[in-house]
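Each remark here refers to the structure printed beneath this line.
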Amino acid sequence: VDCCGPVQQEAVSPRDNGLTLLHQEEARKDEKSLVDQGQPSTLYRRRWLMLVALFLLNFSNGTMWLSYSSVPQYTAHFYRITLDEVNWFSEIFFVVAVVMGLITIVILDVVGLRASMYIGAGSNLIGSAIRWLSTADGIICSHDYQRS
């Protein structure tokens with residue numbers, strides 16, 4: 001017994017999902033993998049290396065992102081800022097991630113994955129260097145600052 005009455009199905013045109021009928025047929029053909037056709041897939045060692053490199057880049061980026069927020073009192077004392085400003089170090093990551101995510105899509109399309117990873121690694125290196133330089137005596141901290 002159907003409590004809501006008969007369900008009417010809407011007619012779906014081939015263009016409803018943004019694909020033409022030709023693209024839908026091509027997508028169906030692409031769904032069959034090489035394994036389905038009886039050919040074994042090939043696993044390249046270089047792909048594993050790229051995966052490891054991507055993992056390490058993401059790990060270093062996450063480490064840099066969360067390094068200040070794990071010890072907020074020490075960070076606030078060292079840089080002589082408030083705890084709210086330390087929290088903004090972590091929060092600004094989300095704002096920058098949205099903007100840089102859009103830029104990264106374009107960079108991936110223009111220069112490819114390998115060059116994009118080099119750009120990302122270089123950006124992480126520059127960011128790490130700036131953070132490291134900010135801890136040097138005389139740049140942020142005055143000479144009257146006593147580490148204790």
Side-chain angles (χ1 to χ4, degrees), residues 4 7 10 12-148:
C4 301
V7 177
E10 297 178 19
V12 178
S13 72
R15 295 185 149 265
D16 279 351
N17 62 357
L19 296 175
T20 63
L21 189 56
L22 178 63
H23 288 121
Q24 288 178 352
E25 289 174 10
E26 289 176 7
R28 282 189 206 110
K29 288 179 186 176
D30 290 340
E31 286 177 3
K32 289 188 175 184
S33 67
L34 293 173
V35 176
D36 291 341
Q37 297 172 0
Q39 298 175 356
S41 60
T42 305
L43 184 62
Y44 296 100
R45 187 173 296 189
R46 182 173 35 185
R47 290 183 180 175
W48 284 107
L49 292 175
M50 289 295 284
L51 181 65
V52 168
L54 183 63
F55 166 77
L56 290 173
L57 282 173
N58 282 329
F59 181 76
S60 70
N61 192 28
T63 302
M64 293 227 346
W65 166 40
L66 296 173
S67 62
Y68 286 149
S69 61
S70 62
V71 285
Q73 291 85 6
Y74 297 115
T75 303
H77 179 71
F78 184 83
Y79 288 107
R80 286 183 263 141
I81 57 178
T82 66
L83 287 175
D84 287 337
E85 292 170 325
V86 173
N87 289 333
W88 269 104
F89 281 141
S90 180
E91 296 296 324
I92 200 71
F93 174 82
F94 298 113
V95 175
V96 172
V98 169
V99 174
M100 290 307 296
L102 297 173
I103 294 171
T104 302
I105 292 170
V106 174
I107 291 173
L108 273 169
D109 285 342
V110 172
V111 299
L113 179 63
R114 180 179 296 196
S116 298
M117 287 180 66
Y118 287 145
I119 292 169
S123 299
N124 265 355
L125 178 68
I126 291 169
S128 298
I130 291 170
R131 278 186 143 187
W132 177 71
L133 285 173
S134 73
T135 62
D137 289 335
I139 292 179
I140 296 294
C141 306
S142 64
H143 30 272
D144 64 339
Y145 176 74
Q146 299 290 325
R147 288 189 181 151
S148 54

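It should be emphasised that the depicted structure is a prediction, and the values quoted were computed from it without experimental measurement.
- Between F93 and N61 the shortest side-chain heavy-atom distance falls below 4.5 Å.
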Show me, pair by pair, the donor-acceptor contacts under 3.5 angstrom made by side chains of residues 100-122, not counting sequence neighbours?
unit_1, atom_1, unit_2, atom_2, d
T104, OG1, M100, O, 2.6
S116, OG, G112, O, 2.6

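- Smallest separation of non-hydrogen atoms from R131 and Y68: NH2-CD1, 2.9 Å.
- Scored by the side chain to side chain donor-acceptor pair (under 3.5 Å) test, T63 finds no partners at all (sequence neighbours excluded).
- With values rounded to the nearest 0.5 angstrom, E91 atom CD is found 10.5 Å from D84 atom CG.
- Between the CG atom in L49 and the CZ atom in R45 there is a gap of 8.0 Å [rounded to 0.5 Å].
- If you take CZ on R46 and CG on L51, they are separated by 14.5 Å, rounding to the nearest 0.5 Å.
- By the side chain to side chain donor-acceptor pair (under 3.5 Å) test, S69 is found to be paired with no residue, residues two or more places apart in sequence or in another chain being considered.
- F94 is linked by a ring pair (Phe, Tyr, Trp, His ring centres under 6.0 Å) to W65, counting only residues two or more places apart in sequence or in another chain.
- N124 is linked by a side chain to side chain donor-acceptor pair (under 3.5 Å) to S60, counting only residues two or more places apart in sequence or in another chain.
- Between the side chain of S90 and the backbone N or O of N87 there is no donor-acceptor pair closer than 3.5 Å.
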- Apply side-chain contact (heavy atoms from CB on, under 4.5 Å) to V86 and Y79, showing your working. CA-CA 9 Å; V86 173; Y79 288 107; over 6 Å; no
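- Remark: Q73 engages no residue in a side-chain contact (heavy atoms from CB on, under 4.5 Å) (not counting sequence neighbours).
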